[in-house]
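Each remark here refers to the structure printed beneath this line.
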Number of protein chains: 2
Amino acid sequence: MKIGTQAQEVADILIRDITSGDLPEGSRVSEPELSRRYGIGRGPLREAILRLEGMGLVVRAPHVGARVVTLSQSELVEIFAVREALEGMAARLAAKNMSDHELQELEALLDSHATYIKENKGQVYFDQQGDYDFHYRIIKGSHNQRLVRSLCDELYHLIQMYRKSSESSKRPEQALFEHQMILKALKDRDADLAEMLMRRHIGKARREIEQFIEASSA
Amino acid sequence: MKIGTQAQEVADILIRDITSGDLPEGSRVSEPELSRRYGIGRGPLREAILRLEGMGLVVRAPHVGARVVTLSQSELVEIFAVREALEGMAARLAAKNMSDHELQELEALLDSHATYIKENKGQVYFDQQGDYDFHYRIIKGSHNQRLVRSLCDELYHLIQMYRKSSESSKRPEQALFEHQMILKALKDRDADLAEMLMRRHIGKARREIEQFIEASSA
DNA sequence: ACTCAACATATTGTTAACAATCCTGACTTA
DNA sequence: TAAGTCAGGATTGTTAACAATATGTTGAGT
């Protein structure tokens with residue numbers, strides 16, 4: 001049983017608790033309380049909170065403390081703009097760098113999605129998890145470690161917090177088709193097309209949020 | 001004199017010391033030593049080091065300690081790929097969101113660069129600082145706070161560490177002309193062109209590094 | 001009734017000491 | 001001589017106590 005430091009363990013626990021909604025947005029992250037709950041000192045706990053702050057999962061104010069981040073819808077749009085840029089580049093690099101084996105695995109993943117959607121129309125959770133798997137593999141396929149870290153270790157936690165705002169799951173067939181088109185571009189090693197398709201795919205989700213803002217502000 | 005916490009102060013000092021080369025790459029970041037040097041306890045110092053780790057300026061190994069990061073040239077290429085994606089998006093958003101006043105200031109900045117380059121051929125330091133100012137203003141002009149944070153607070157510190165590898169300063173006239181073309185696209189509110197020009201501008205620096213790798217490995 | 005000031009409380013910021021782990025160097029042995 | 005082993009020292013990880021600051025409450029005054 002490989003055990004890291006207490007700080008790393010509690011940081012992972014906190015990430016799970018926040019992304020799962022157990023610690024809801026805006027709730028206080030109190031050092032004494034969590035210290036008692038997890039039975040550790042405040043030192044490692046502070047270290048964990050510091051790491052979460054670096055990921056943008058919590059915001060800290062001096063002498064006031066930490067709260068789970070609360071993203072406005074416009075801030076969510078900002079995140080999707082960053083995601084569009086980074087994942088577009090990931091797709092571009094993946095078209096060059098993904099191995100044939102990685103491409104085969106990606107194809108198998110999409111095949112399983114296709115059969116699942118046919119059998120079980122509109123199961124939301126699976127689609128969200130499946131969508132994540134697809135994007136995750138392409139990011140890894142870029143073979144750019146910094147891209148992987150920025151997206152998987154930072155942005156995706158935030159997006160997962162607000163997955164209720166991600167409306168793309170309403171049309172799983174449409175999303176699947178877009179995924180298949182991206183896969184085709186990757187197999188053709190067409191970097192330009194892969195980037196463009198990925199950006200449109202993500203931009204669609206962004207525009208849905210933007211429209212929602214306009215609708216609610218009108 | 002607004003004074004933050006000791007941790008923030010020493011973090012800023014460490015950032016300066018690293019980016020200026022005072023703490024060279026790969027050197028140890030010892031807690032007792034720095035604790036004595038700055039006359040503070042190890043607690044705030046650890047907090048500062050944690051923040052630097054989040055920025056990627058230092059790497060930490062459990063029970064071993066922190067060292068100033070050492071980037072291989074291939075890792076530097078990875079960073080430039082991320083920068084290309086993010087600053088391209090920044091230019092796209094800036095074309096939409098920059099105010100007329102911001103555009104005027106940017107134009108004035110480029111004018112001062114032009115006269116400076118004419119009068120004082122090839123002053124390297126100024127060109128690097130000026131190049132940074134130009135990019136910084138466009139990033140801010142995107143009015144996307146997350147983009148600003150990712151680029152200015154994280155990536156740019158790393159790039160500044162390795163500014164010796166940034167060979168674009170060899171041709172300040174060429175860089176200035178590319179800047180002027182980007183400005184023109186921004187003034188025309190041509191988002192597509194602004195993004196494309198910015199990506200090519202940054203991609204040029206990336207390719208120079210890639211070529212250097214090929215040359216040194218051959 | 002409302003505002004403002006002082007106080008009490010709790011939380012964060014900081015320090016110093018203790019425990020656990022790793023690196024160094026000398027010593028042993030094949 | 002070279003490799004392995006085992007202390008010794010130093011550094012990081014962790015804890016607990018102390019100091020500084022912010023929040024919330026109480027009370028006086030208008």
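Numbers restart at 1 for each chain; the letters A, B, ... are given by sequence-line order, proteins then strands.
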Task: Stepwise side chain to side chain donor-acceptor pair (under 3.5 Å) check, B/Gln6 with B/Tyr38 - done: CA-CA 10 Å; B/Gln6 297 184 26; B/Tyr38 297 121; over 6 Å; no
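The one candidate from B/Ile40, B/Asp17, B/Leu14, B/Ile13 that meets the side-chain contact (heavy atoms from CB on, under 4.5 Å) condition with B/Leu34 is B/Leu14.
Candidate nucleotides D/dT14, C/dG13, C/dT21 were compared by shortest atom distance to the side chain of A/His63, and C/dG13 ranks first. The B/Glu31 side chain lies nearest to D/dT12 when the options are D/dT12, C/dC22, D/dT21. Side-chain atoms of B/Pro44 lie closest to C/dT14 of the nucleotides C/dT12, D/dT15, C/dT14. Closest to the side chain of B/Val64, out of D/dT11, C/dC22, C/dT12, is C/dC22.
Taking the nucleotide of DNA chain C with the nearest heavy atom to each of A/Arg36 and B/Gly43, the more 5' of the two is matched to A/Arg36. Each of A/Gly41 and B/Gly65 has a nearest nucleotide on DNA chain D; the 5'-most of these lies closest to B/Gly65.
Between B/Glu33 and B/Arg37 a salt bridge is recorded (basic side-chain N to carboxylate O distance below 4.0 Å). Using a 4.0 Å cut-off between charged nitrogen and carboxylate oxygen, A/Glu31 and A/Arg46 count as a salt-bridge pair.
For C/dG13, neither phosphate oxygen OP1 nor OP2 lies less than 4.0 angstrom from any side-chain nitrogen or oxygen of B/Gln8. In terms of phosphate contacts, A/Arg42 brings no side-chain nitrogen or oxygen within less than 4.0 Å of OP1 or OP2 of C/dT15. Taking 4.0 angstrom as the limit, A/Arg60 places a side-chain polar atom (N or O) nearer than this to OP1 or OP2 of C/dG13.
Atom CD of A/Gln6 is separated from atom P of D/dT12 by 18 Å (rounded to the nearest Å). If you measure from atom CZ of B/Arg67 to atom C1' of D/dT11, you get 13 Å, rounded to the nearest angstrom.
Side-chain contact of B/Gln160 with B/Tyr132: a donor-acceptor pair under 3.5 Å is absent, judged by distance alone.
The two residues B/Ala66 and B/Ile49 have their closest heavy-atom pair at CB-CG2, 3.9 Å.
Aromatic ring pairs are classed by plane angle as parallel below 30°, tilted from 30° to 60° and perpendicular above 60°; the pair B/His179 and B/His201 is perpendicular.
Contact check of residues 46-59 of chain B against DNA chain C (heavy atom, cut-off under 4.0 Å) returns no residues at all.
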